[in-house]
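This report concerns only the one structure given below.
Per chain, numbering begins at 1; letters A, B, ... match sequence-line order. These numbers come from a predicted model, not from an experiment.
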Amino acid sequence: MKTVLSLELSLINYSVKGLGYGANLLMVRLGCKGEGEVFHSDELVARLRRIALQLRRDVLKMTTKAGSGHPGGSLSAADIITALYFHHLRHDPKNPKWEDRDRFILSKGHSCPVLYAALARCGYFPVEELWRLRKIGSMLQGHPDMLKTPGVEASTGNLGQGLSIGIGMALAARLDGKDYRVYVMLGDGELDEGQVWEAAMAASHFRLNNITAIVDYNGLQLDGFTEDIMSLEPLAEKWRAFGWHTIEIDGHNMRQILDALDMAVMVKGKPTAIIAHTVKGKGVSFMENRVEFHGKALTEEQLRKALEELRWEG
Amino acid sequence: MKTVLSLELSLINYSVKGLGYGANLLMVRLGCKGEGEVFHSDELVARLRRIALQLRRDVLKMTTKAGSGHPGGSLSAADIITALYFHHLRHDPKNPKWEDRDRFILSKGHSCPVLYAALARCGYFPVEELWRLRKIGSMLQGHPDMLKTPGVEASTGNLGQGLSIGIGMALAARLDGKDYRVYVMLGDGELDEGQVWEAAMAASHFRLNNITAIVDYNGLQLDGFTEDIMSLEPLAEKWRAFGWHTIEIDGHNMRQILDALDMAVMVKGKPTAIIAHTVKGKGVSFMENRVEFHGKALTEEQLRKALEELRWEG
Amino acid sequence: MREKAYTRDAYGRTLIELGRIRKEIVVLDADLSTSTRTAWFGREFPDRFFNFGVAEANMMSAAAGLASSGKIPFVSTFAVFATGRAYNQYRTSIAYPNLNVKIVATHSGISVGEDGPTHFCIEDIAIMRALPNTTVLVPADAVETEAAVKASVDHYGPVYIRLSRPKLPVIYEEGYRWRGEKLTFRIGGSVTLREGEDVTLVASGLMVSRALDAAEALAREGIEAAVIDLYSIKPIDRETLTEAARRTGAIVTCEEHNVCGGVGSAVAEVLVETVPVPMEMVGVKDTFAESGSMEDLLTKYGLTSKDIVEAAKRVIKRKS
Amino acid sequence: MREKAYTRDAYGRTLIELGRIRKEIVVLDADLSTSTRTAWFGREFPDRFFNFGVAEANMMSAAAGLASSGKIPFVSTFAVFATGRAYNQYRTSIAYPNLNVKIVATHSGISVGEDGPTHFCIEDIAIMRALPNTTVLVPADAVETEAAVKASVDHYGPVYIRLSRPKLPVIYEEGYRWRGEKLTFRIGGSVTLREGEDVTLVASGLMVSRALDAAEALAREGIEAAVIDLYSIKPIDRETLTEAARRTGAIVTCEEHNVCGGVGSAVAEVLVETVPVPMEMVGVKDTFAESGSMEDLLTKYGLTSKDIVEAAKRVIKRKS
Ligand SMILES: Cc1ncc(C[n+]2csc(CCOP(=O)(O)OP(=O)(O)O)c2C)c(N)n1
Ligand SMILES: Cc1ncc(C[n+]2csc(CCOP(=O)(O)OP(=O)(O)O)c2C)c(N)n1
Ligand SMILES: [Mg+2]
Ligand SMILES: [Mg+2]
């Protein structure tokens, strides 16, 4: 009963967002996959939301400690990263090179603080490492370095390359007859890069259904709003025209995130793009939607205020 | 009466091609522009078709003489290039640097033989130069060189750059309050290049309605059919999703070419893409749709046969 | 201690100053205009400023189109993107037809600091000077930056100007003077900041002030080092370099760049063809380095005045 | 007269041979597989061949993903696209994480001929060697190409191999022998093809056979020239080069590449730090050149054995 209700609520939710996701969900409900697999318990959602809060706190603490870094885009990605590392991905922090692991690539590499927080909280390395972010000799570089940091799958930071790297991994999986999946998170500003569209074209040409692109659509890039700098709309139509099954969700709604990730697994013959509508700086009132926190750490005073806001309220 | 008939025929033609262009044409017919400007006399069409034939002959002669070059994509582009240089473009072969001239950029630079033929036959330089193609000291380089060849607007040959260059020119026109227009011809294989999509995104973001992209959609790239190497469909939807007014035509139907070019002038607030369905090697039976003539000149024997086929039959 | 100032601030200011008199100047950036300071020009001349988003390749070729329509485009982003990310576009759209485009890149070298190796650029001098028709300039401080940017406008053709992220010690006096004397920034030129008979320190960019410090330290040990600010890497001041080699018989090059293909390499090319003398190259020793504070990095990767002093002593020992 | 053979044919054949034993080899091309000869591998192993269309950047980063999944990707296209068109992708996706990707580029230099400057590549050695973790190999003929490709597989890490469009004179005997003696292709190595006391000709790629011709011409005039086939530009054979400089006291470098930043530059970097001797650089003199037949171009742009002979005489005059 409760499940059904939450399901209905989800549907309403999707409809309210008007993102055309409801129909898809209905189709699933009509039998393609069992409910249990697609819809997630309140307990799970609560647990993940709590973890996401922790990651947000980590992000702000580590960047302030480092005196630099990119908190804004880390916070917009926090819920998705949480859903991936603490529920969806098949991985083993004790065995980062496990051959059958799912791969996650943070193509928008500047948001690595939230990736580092997730990896540390998962157990890839001690949490204390987070406080050495960006310091000389640290395993945590300003942008992801696959040689230095356990769990980092690709060296990124020059935007536009992650989806292509993911294609290579997805081709390798197919060649080796392995069923691992590849997830690539991109920024919306990053979508300005033509290489992303080269990759989008190739992934559908190669019929890679083991790769999922997640767009952190927070509406801001470095110099301002994407709408002003380089407008992307109609974004979903772009991905569809490039041959991708495309889902739009609220990227801070844990249930929608989990559902979309599950949905992507079921799509046959083509790759899936999840366009996650997010808020840059999400969770801290004075950071939300503010371009100045793209690449600037909080002051100690700001950090104190932010951490006050980032408290679990159930 | 005759005009109306030909107009109806055109409509039927478009409908038969099923390219959704008819509706557009109807709209025009309903008053946006006078018939005379949009529809072209039989005499004009015949004249242009005759010139296109001449250019085709030139292309084959000059590449065979050079012993190398790219005849296939030159022939697919011949009708469009003819329509541009011998009717549509505002230009002055005696004054190649005239500030108010329209600009044409051959982004698929390897097809320069047909551009060179057009420039020579227009009077930019003596026709005899054509026979020195690709020879040391010649003004006609293997790929377009804006410093060496009068009338060449941009140095191209590394695919993917022409539309971006065109954006620069279109921005300059706007800045200078000039009404010249910019035309860029791209190959279909060339559309694999992400830079084309960067440019597509930017042109619509900048609301450049003084730029027209023409895709020579001949279905072949260097290694084979685009469908096999890197599939592009749904191509029109891609351009539309990137914010372009998009028209599909038969790129060997002179009337459709002329109409589409006129149409593009009328579109407000966004750039226009003309997707021209063409045949690589068009006009020579044994070259049509054959990948091996992408980058190989005909032998003397093949040339003789080809020239026999390329005769004016009205 | 010298005062410090941002070379990119000087760039931003100079752009506005030039923009007022030269209406054909337009400015292009790829979503880094707040960092490169081209946003200042954008605020002053919104019509002549174009932000291309994160699309360096498109921006670079678009600059070609603007230039061939009579504009003087200044193209800016971080060095690693301004060069390597749009290299083929620069090569074919701009350098090959010798178009009048100025590329001013900030955040070169490893002094970028905490952002780490993905954002360093230790190869831009090598890759830009490898192309014909390309002028490569590396100003040493904010004052020289202004001079370089102005000189680039008076030169027809592609120019690459390499700037830094951090504040750099100010070496020159206002109006581009050295010890009171007015200098002229000349493409293909250099400034001899100090005379000396024992060894010549040939430095560029951020390393010039360090070379001056090194020269003073050497002087305290009785070694007289000449110091040249080699702000023009291409074309290169063959005359001054060969003369210095002839006089001092030993050269140390100092650059915040990979020692493969950079300033040291450009100087070596000249000397082996004219006056082959022993050289030592102070620079990044063919490593991507890592994240850290600027000073930590410059120390760990061998770019301090102490490193220059030691190289000078080594090279002097090798004199024949 | 030596026989001639395509280095890219040798590449195509060697790829298939290696593909049979090394199942982890995969091959990527960007719509030039008919020209690069990777299409041959594609016909033999269709599952392990990926054509990315005209999208070099995507191809390059995808190679990184394949490599990090345990594959050994060979990435091929023309040199101007393999290097400059995907430079930032190579830098950050591959060189920085030191991934096991082999880039084999054909159509380098100006011997491309009629296609002209947009398709030449006279800067690839400079730009590839400017990056850490990068091995740069330039085989001199078809036989050495096979050896280079095989050696690249036995070396973990990124390797760039530079090949040509035209047939090149075959220098080595089958099985990589020189005058009967079996050679070993060593990353960081070289082959001394001829001894001589008066001058050393250090050549790479297509220029090796021309250097041999030049040495014979010089011998006829009583000048004994040593000839080194410097097939490994990075790492570079410091020992052999310094030894040659010491013995002959004069060096001529010969490359089908811009003299800014290329082989001459790499050799100069070594010599100024070890045995500074007079050098002359035979190469493309910082120009984009033009379309024409290969021989017309090599003659007009100063890459004949005669040019080497003259350079040798000049440099000998400069010996102290
Ligand atoms: C190729 C490249 N160009 C420029 C940059 C500099 N840069 C870093 S972040 C950023 C803006 C990215 O915006 P977006 O992708 O929307 O990221 P988010 O909003 O999620 O932080 C830019 C331009 C870069 N890292 N890589
Ligand atoms: C950046 C770049 N990569 C590769 C090439 C080599 N190349 C020349 S033509 C061609 C195929 C182009 O196909 P298409 O655009 O469809 O041209 P068309 O069929 O009209 O000749 C390729 C890959 C190139 N010129 N530029
Ligand atoms: Mg964003
Ligand atoms: Mg085609």
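Here the shortest heavy-atom pairing between B:Ile165 and C:Ala64 reads CG1-CB, 4.4 Å.
Chain B forms more heavy-atom pairs under 4.5 Å with one residue of C:Gly70, C:Ser68, C:Ala86, C:Gly65 than with any other, namely C:Gly65. Ranked by heavy-atom pairs shorter than 4.5 Å toward chain B, the options C:Ala55, C:Ala63, C:Ala62 are led by C:Ala62. For the set C:Ile94, C:Asn98, C:Asp47, C:Asn88, the count of heavy-atom pairs under 4.5 angstrom toward chain B peaks at C:Asn88.
Interatomic distance, B:Ile167 CD1 to C:Asn58 CG, rounded to the nearest 0.5 Å: 4.5 Å. Atom CG of B:Asp176 and atom NZ of C:Lys23 lie 13.5 Å apart (nearest 0.5 Å). Distance check, rounded to the nearest 0.5 Å: CD of B:Gln141 to OH of C:Tyr96 gives 5.0 Å. To the nearest 0.5 angstrom, C:Lys71 atom NZ is 10.5 Å from B:Leu171 atom CG. Considering CD of B:Glu198 and CE of C:Met59, their distance stands at 10.0 Å, rounded to 0.5 Å. Separating the CZ atom in C:Phe52 from the NE2 atom in B:His205 is a distance of 10.0 Å, to the nearest 0.5 Å.
The contact between B:Ala199 and chain C is made by backbone and side chain atoms together, counting heavy-atom distances below 4.5 Å. Only the side chain of C:Leu99 has a heavy atom closer than 4.5 Å to any heavy atom of chain B.
Each of B:Met169, B:Lys178, B:Glu153 was compared with C:Ser69 under the side-chain contact (heavy atoms from CB on, under 4.5 Å) criterion, and only B:Met169 meets it.
The number of heavy-atom neighbours closer than 6.0 Å to NZ of B:Lys148, taken from other residues, nucleotides and ligands shown, is above 12. For B:Glu99, the CD atom counts as loosely surrounded, since its 6.0 Å shell holds 12 or fewer non-hydrogen atoms of other residues, nucleotides or ligands. Atom CZ of B:Arg207 has 12 or fewer heavy atoms from other residues, nucleotides or ligands within 6.0 Å.
In this structure, a donor-acceptor pair under 3.5 Å is present between the side chains of C:Ser61 and B:Gln195.
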